[in-house]
Amino acid sequence: MDGFAHTSLWIYLGNQYIESRFRRSALGPLWFVINALAFSVIAGMIWSAIFGTDVREFIPMIGIGFAIWGFIMACFIEGSGILATSGNFIKQMSISHSTLILRVVYAQIVYLVIGCAVGYIASVVLGRPTSIGSLLFLPGFFLVALAGFFTATVMSYFGARYRDLSHGLGAALQVLFVATPIIYPAEILIKKGYGLAVYLNPFHAWIEVIRVPLMKGVLADPVNYVSLVIYCVVAGLIAWLQIGRWSSKVVFWV
Amino acid sequence: MIGIELRGATVDFPLVGPEFFSFKKSLLSHHRPLIEHVRAVNNVSLTIKEGERVGLIGANGAGKTSLLKVLAGIYPPTRGKVMIKGKVSALFDLTTGMDMELNGVENIKLRLMLLGYRGGKINQLVEEVIDFAELGDFIHMPVRTYSSGMFVRLSFGICTVMAPEILVLDEFLGAGDAAFAKKAETKVRSLMDSGNIVIVSSHALSGITAECTRCIWIDKGRLRASGPPAEIVQEYLATATAAREDDLV
């Protein structure tokens with residue numbers, strides 16, 4: 001894990017990664033903001049009409065929820081490509097895998113921050129009161145970032161070993177997107193007796209620990225923090241086993 | 001004290017096909033697929049000391065590049081020990097380590113960052129590489145637009161600008177023109193003169209005889225001979241010619 005020793009390196013690489021994404025567009029990263037805003041406004045209006053709830057609550061809820069979901073998806077899907085597509089670097093110099101992983105996770109964290117900020121600002125513009133309690137998103141945010149890093153690490157090794165993984169992942173994540181309360185409130189499922197589907201879904205916690213404090217100014221249900229810590233421990237353990245078995249072989253695979 | 005020491009270094013290169021990388025197939029098949037290996041580096045022990053210029057020779061597929069990658073710390077040995085003391089800079093095929101979408105300057109920065117440089121030192125080195133590569137306005141174009149000659153200039157410039165303690169070059173001069181070859185030679189010589197280790201693989205045997213202090217002959221992954229370049233090259237040539245005569249008969 002010596003990538004952590006070179007913080008300025010992966011931050012630089014991450015910034016470059018973000019820049020290269022928007023290289024061919026005049027608006028640059030602003031596109032990302034516009035995209036997030038348009039999605040949350042339109043989806044928020046439609047879904048609030050369907051559920052008959054307050055649109056001022058729904059727009060930020062969907063904006064923030066979708067930003068976190070984007071982060072989860074990227075950790076899995078982009079994560080699975082990190083080592084598989086870095087043969088260019090891995091075969092040219094002795095570079096630590098963690099540097100390559102941190103570069104991608106860092107860029108995704110930047111997107112996550114922008115997405116959440118858009119949602120939060122939308123909620124302020126729509127007249128929701130701001131509160132110092134919103135800062136309670138910080139511990140959740142930290143846990144989500146950590147879980148994202150472990151996820152991307154695990155996926156990067158799996159992705160280098162199994163190249164067909166990203167196809168299957170896309171399908172699995174689509175199902176999870178529907179099953180996770182992102183564009184609808186979790187209470188709907190719980191009231192109808194599907195509470196187990198919510199509580200057993202680890203990604204529900206990722207959404208809650210950031211979204212609840214940002215929108216309500218209080219900490220999320222403690223069970224969500226516990227769930228995330230367990231997730232981190234398990235994913236960290238898998239990553240540790242993978243590094244022991246596979247890290248010296250990756251250079252021959254990519 | 002810079003130097004490299006290999007003790008019984010062996011690299012088994014897995015020969016794996018598409019089914020190895022398929023998760024679906026691994027799930028469905030009951031027996032684990034037998035992975036065949038090619039022994040690219042076979043039990044090589046050698047020590048390279050400060051100031052040595054080592055020329056690596058051998059037939060195509062003998063394991064020169066694999067051994068160079070071990071010496072550069074890129075391939076971890078399957079067995080044996082590798083100790084590398086010193087900052088390594090390696091040049092293998094020309095486009096590796098470059099991001100095709102980035103322009104020349106950005107690629108220089110990227111590589112320097114990856115090699116551990118920070119801040120103001122980078123800007124200074126970037127200027128040096130730009131001067132050395134002489135790519136004119138192309139330095140601000142994405143490198144995917146470069147010719148192979150331009151790649152050589154840029155890659156070589158990057159690899160040598162930071163005065164690496166250990167420079168590893170794999171067949172590097174093929175695409176450069178005469179003027180650049182001259183320039184590159186001067187650069188390599190100045191690195192050699194300052195006591196650094198230079199390791200090159202080449203089929204240009206006369207170059208090895210003239211420039212290197214030691215020649216290593218690799219044959220089927222094994223270290224076949226190591227010693228004064230003139231002797232080893234002669235021996236190598238004699239074997240190669242004999243083999244060719246056998247083929248003709």
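Here the structure is a predicted model, which is why all the values come from computation and not from measurement. Quick note on labels: first sequence line is chain A, next is B, and so on, each numbered from 1.
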Query raised in the report: Between B:Leu91 and A:Gln92, what is the shortest heavy-atom contact and its length?
Result: CA-NE2, 3.8 Å
Query raised in the report: Does a side-chain heavy-atom distance below 4.5 Å link B:Phe21 with A:Trp253?
Result: yes
Report summary line: Closest heavy-atom pair, A:Tyr12 versus B:Met113, reported as atoms and distance to 0.1 Å, is CB-CE, 3.3 Å
Query raised in the report: Any side-chain heavy atom of A:Phe252 within less than 4.5 Å of one from B:Asp12?
Result: no
Query - Lys NZ or Arg CZ of B:Arg111 over A:Phe89 ring: under 6.0 Å, within 45° - result: no
**Report entry** Greater than 12 external heavy atoms within 6.0 Å of A:Arg163's CZ
**Finding:** yes
Report task. Look at atom OH of A:Tyr199 and say whether more than 12 heavy atoms of other residues, nucleotides or ligands are closer to it than 6.0 Å. Result -> no
Requested in this report: Please look at B:Val168 and chain A and tell me whether the side chain, the backbone, both or neither of the residue comes under 4.5 angstrom of a heavy atom of that chain.
Outcome: neither
Query - Side chain, backbone, both or neither of A:Ala84 within contact of chain B (heavy atoms, under 4.5 Å) - result: neither
Query - Heavy atoms of other groups near A:Lys249 NZ, more than 12 under 6.0 Å - result: no
Report task. Please flag which part of A:Leu13 lies under 4.5 Å from any non-hydrogen atom of chain B: side chain, backbone, both or neither. Result -> side chain
Report summary line: Given the options A:Ser94, A:Ser248, A:Ser247, B:Pro76 meets side chain to side chain contact (heavy atoms under 4.5 Å, CB included) only with A:Ser248
Query - Side-chain (A:Arg161) to main-chain (B:Phe20) donor-acceptor, under 3.5 angstrom - result: yes
Report task. Evaluate whether atom CD of B:Glu36 has more than 12 neighbouring non-hydrogen atoms of other residues, nucleotides or ligands under 6.0 angstrom away. Result -> no
